[in-house]
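Reminder, nothing fancy here: chain letters follow the sequence lines and each chain counts from 1.
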2 protein chains.
Amino acid sequence: MAKNTYLELPGKTIERLSQYRRILYNSIHEGKTNIYSHELAKMMNLTPVQVRRDLMLIGYSGSQSKGYVIKDLVALIGKIIDSEKGQDIILVGMGNLGRAITSYFSGKRDKLSIVSAFDNDLQKTGRIVAGIPCHHISQIKEFVKKENIQIAVLTVSPEATHDVAKMLLDAGIRGILNYTSVPLTVPEGIHLEEYDIVTSLEKLAYLVK
Amino acid sequence: MAKNTYLELPGKTIERLSQYRRILYNSIHEGKTNIYSHELAKMMNLTPVQVRRDLMLIGYSGSQSKGYVIKDLVALIGKIIDSEKGQDIILVGMGNLGRAITSYFSGKRDKLSIVSAFDNDLQKTGRIVAGIPCHHISQIKEFVKKENIQIAVLTVSPEATHDVAKMLLDAGIRGILNYTSVPLTVPEGIHLEEYDIVTSLEKLAYLVK
DNA sequence: TGAGTGTTGATATTCAATTCACAATATAAG
DNA sequence: CTTATATTGTGAATTGAATATCAACACTCA
Ligand SMILES: NC(=O)c1ccc[n+]([C@@H]2O[C@H](COP(=O)([O-])OP(=O)(O)OC[C@H]3O[C@@H](n4cnc5c(N)ncnc54)[C@H](O)[C@@H]3O)[C@@H](O)[C@H]2O)c1
Ligand SMILES: NC(=O)c1ccc[n+]([C@@H]2O[C@H](COP(=O)([O-])OP(=O)(O)OC[C@H]3O[C@@H](n4cnc5c(N)ncnc54)[C@H](O)[C@@H]3O)[C@@H](O)[C@H]2O)c1
């Protein structure tokens with residue numbers, strides 16, 4: 001029985017664990033029960049050694065003849081990255097990107113769901129948009145506290161980014177996934193992930209030339 | 001006068017250069033002409049040393065008293081990551097995500113633009129969607145060859161991913177930015193970037209717990 | 001049985017990225 | 001002029017990530 005100690009895993013490993021699980025779900029769906037490191041590696045463009053190393057880090061052991069038991073591995077990855085009772089997420093800024101994200105994400109994961117959105121456009125608030133309830137931004141603090149929300153996805157207009165981020169921090173949010181083109185800085189102890197397609201495209205443009 | 005030799009820069013540095021430039025554009029807009037490494041670092045959550053190191057790698061020198069000249073720095077970054085005559089990009093899969101991306105990206109960069117989209121839904125093809133012309137997927141090969149397109153953004157449904165990727169490679173695409181939830185593998189020499197919000201959210205969920 | 005094959009798990013090594021530490025330099029203040 | 005302060009640029013050290021290597025084991029087949 002694994003103790004519930006906090007494993008200090010490399011960030012890259014966490015990302016790969018999430019992806020392993022996604023692929024393993026598909027494999028289960030196709031009727032596979034076991035998988036070898038080289039199979040998993042191939043599907044993810046990695047080396048088998050790297051796969052084994054990641055699994056070693058989380059303390060999972062396979063068998064030399066049958067490889068890894070998919071069901072068990074998925075369960076263990078869940079134990080590592082999911083929180084016990086699930087985590088609810090909110091999204092702020094129900095525009096084009098916000099809608100694309102919520103409709104994509106809905107129902108993707110058991111323990112992780114976008115439960116509510118917030119906007120300041122009265123056209124969008126007070127009703128269901130893209131499958132989830134959209135409230136007015138003025139209600140955000142109360143909601144976050146009451147529902148104990150820890151993670152927010154930020155997809156508001158660039159101008160609103162700083163204000164909204166401040167509200168989120170005030171309300172007690174612990175992790176922000178920022179998609180606006182405005183870089184944020186957050187206090188110690190708050191986790192921030194940012195992503196921008198422009199950066200990816202410029203990198204690609206550099207690489208292909 | 002910098003020779004046009006191909007600098008072998010670390011991938012991480014390329015990404016940061018793209019972000020530096022974004023921030024520097026804003027600074028210019030606010031009337032700033034010079035900037036210190038620690039200012040830039042603060043805006044990007046980096047250390048000043050890292051900023052200086054990156055700029056050193058591209059061969060830019062500042063002054064001890066005035067820091068870096070923003071205009072010149074932006075120009076040099078452009079020289080490194082932009083291609084001389086600009087690069088045109090296509091997007092495949094004009095759904096929710098595709099529309100969010102095209103409307104966001106349009107006009108963002110001089111040398112980089114999404115010029116056309118492709119889809120197999122006859123509702124969407126043959127007209128302008130989200131600001132750009134959307135053609136039928138069957139025309140993609142011809143278009144890519146004729147217009148010498150090198151980079152494609154992939155936002156089709158998961159089921160279509162492999163087929164469409166194959167078409168793109170056949171047509172001679174050299175870089176793919178894959179947003180579908182289906183991991184791709186590409187031949188040697190082709191550049192691939194993938195991003196999935198689920199991975200980011202699961203990483204955040206792990207970090208905040 | 002016993003050689004041959006293919007796999008895992010772990011240690012060692014290499015490679016890449018970041019940070020440290022400080023010399024060199026410019027400016028301002030006394 | 002001299003000292004104090006702030007900055008850049010960079011070699012060296014450190015940290016982090018990926019890869020190579022190989023012993024140990026399990027299975028197959030002759
Ligand atoms: N990271 C990426 O790759 C990427 C891609 C596309 C868009 N973006 C960025 O994401 C953001 C959203 O893009 P979009 O295309 O959905 O834009 P959009 O204009 O369609 O959506 C913005 C939404 O934010 C809401 N909003 C504005 N101010 C608000 C406030 N103070 N409080 C609450 N809600 C507020 C608006 O009502 C709107 O619904 C923009 O900042 C854009 O730059 C990033
Ligand atoms: N990476 C992420 O963070 C992220 C976020 C949202 C969605 N997604 C993924 O992006 C993709 C698009 O999401 P969406 O919400 O826009 O879905 P969507 O269904 O709205 O859009 C898919 C589009 O692809 C088109 N398409 C389907 N098959 C095609 C084919 N063979 N050739 C050309 N076009 C074809 C459809 O007509 C549709 O317009 C999905 O694969 C989804 O899983 C990823």
At what distance, to the nearest 0.5 angstrom, does CZ of A/Arg16 lie from CG of A/Leu57?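 So the CZ of A/Arg16 and the CG of A/Leu57 are separated by 9.0 Å.
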Would you mind reading off the distance between [X] atom [atom1] and [N] atom [atom2], rounded to a whole angstrom?
X: A/Met56; N: D/dA18; atom1: CE; atom2: P; result: 14 Å
X: B/Leu40; N: D/dT7; atom1: CG; atom2: C1'; result: 15 Å
X: A/Asp54; N: D/dG16; atom1: CG; atom2: C1'; result: 14 Å
X: B/Ile58; N: D/dT8; atom1: CD1; atom2: P; result: 14 Å

Any [X] side-chain heavy atom under 4.5 Å of [Y] side chain:
X: A/Leu184; Y: B/Asn45; value: no
X: A/Pro158; Y: A/Thr180; value: no
X: B/Leu168; Y: B/Leu154; value: yes

Can you list everything that forms a salt bridge (charged side-chain N to carboxylate O under 4.0 Å, His left out) with A/Asp170? Sequence neighbours excluded, please.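 Salt bridge (charged side-chain N to carboxylate O under 4.0 Å, His left out) list for A/Asp170, sorted by chain: A/Lys166.
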Qualifying residues under salt bridge (charged side-chain N to carboxylate O under 4.0 Å, His left out), relative to A/Arg99, sequence neighbours excluded: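 Salt bridge (charged side-chain N to carboxylate O under 4.0 Å, His left out) list for A/Arg99, sorted by chain: empty.
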Taking N or O atoms only and anything under 3.5 Å, show me the protein contacts with nucleotides 12-14 of chain D, one pair per line.
residue: D/dA12; atom: N6; partner: B/Arg53; partner atom: NH2; Å: 3.4

Taking only heavy atoms on the protein side, list every residue of residues 41-50 of chain B lying under 4.0 Å from any atom of DNA chain C, sorted numerically.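 By residue number: B/Thr47, B/Val49, B/Gln50.
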Can you list, in residue-number order, the parts of residues 60-67 of chain B that come under 4.0 Å of DNA chain C, counting heavy atoms only?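 Only B/Gln64, B/Ser65 qualify.
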Measure from the side-chain N and O atoms of A/Ser157 to the backbone N and O of A/Glu159, and report whether any donor-acceptor pair falls under 3.5 Å.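 Here the side-chain-to-backbone pair does not exist.
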Residue pairs involving residues 154-195 of chain A (criterion ring-ring contact (aromatic ring centres under 6.0 Å, His included); sequence neighbours excluded):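 Every ring-ring contact (aromatic ring centres under 6.0 Å, His included) pair that includes a residue of residues 154-195 of chain A, provided the two are not neighbours, is A/Tyr195-B/Tyr195.
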Name all pairs fulfilling the ring-ring contact (aromatic ring centres under 6.0 Å, His included) condition that reach into residues 69-119 of chain A, sequence neighbours left out, sorted by first residue then second.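 Qualifying pairs, neighbours excluded: A/Phe118-A/His135, A/Phe118-A/Phe143.
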Residue list, side chain to side chain contact (heavy atoms under 4.5 Å, CB included) with B/Ile190, at least two apart or on another chain: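 Result, side chain to side chain contact (heavy atoms under 4.5 Å, CB included) vs B/Ile190: B/Leu169, B/Val186, B/Pro187.
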Using a 4.0 Å heavy-atom cut-off, does B/Thr13 contact any base of the nucleic acid, only the sugar-phosphate backbone, or nothing at all?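 Since no nucleic acid heavy atom lies under 4.0 Å of B/Thr13, the category is nothing.
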Between the side chains of B/Asp54 and B/Thr13, is a donor N or O closer than 3.5 angstrom to an acceptor N or O?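 Yes, a side-chain donor-acceptor pair sits under 3.5 Å.
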Do you see a donor-acceptor pair shorter than 3.5 Å between the side chains of B/Asn34 and B/Tyr68?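 Not at all, the side chains of B/Asn34 and B/Tyr68 share no donor-acceptor pair under 3.5 Å.
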Taking NZ, NE, NH1 and NH2 as the nitrogens, is one of them in A/Arg109 or B/Glu202 under 4.0 Å from a carboxylate oxygen of the other?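 Counted as a salt bridge, because a side-chain N and a carboxylate O are separated by less than 4.0 Å.
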For B/Asp82, is there an ion pair with B/Arg21 - N to carboxylate O distance below 4.0 angstrom?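 Looking at B/Asp82 together with B/Arg21, the answer is yes, because their closest N to O distance falls below 4.0 Å.
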Which residue, A/Pro10 or A/Arg52, contacts DNA chain D at a nucleotide closer to its 5' end, judged by nearest heavy atom?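 Nearest nucleotide further toward 5': that of A/Pro10.
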Pairs meeting criterion side-chain hydrogen bond (donor to acceptor under 3.5 Å, both in side chains) with involvement of residues 139-156 of chain B, two or more places apart: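 Found B/Gln150-B/Arg174.
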side-chain hydrogen bond (donor to acceptor under 3.5 Å, both in side chains) contacts touching residues 24-33 of chain A (sequence neighbours left out):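 Matches after skipping sequence neighbours: A/Lys32-A/Glu39.
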Quick one: bend of the helix from C/dT1-D/dA30 to C/dG30-D/dC1 from 5 pairs per end, to 10°?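 That helix gives 10° between its end axes.
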Distance under 4.0 Å to a non-hydrogen atom of chain B counts as contact; along DNA chain C, which nucleotides mark the start and end?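 Result: C/dA17 to C/dT27.
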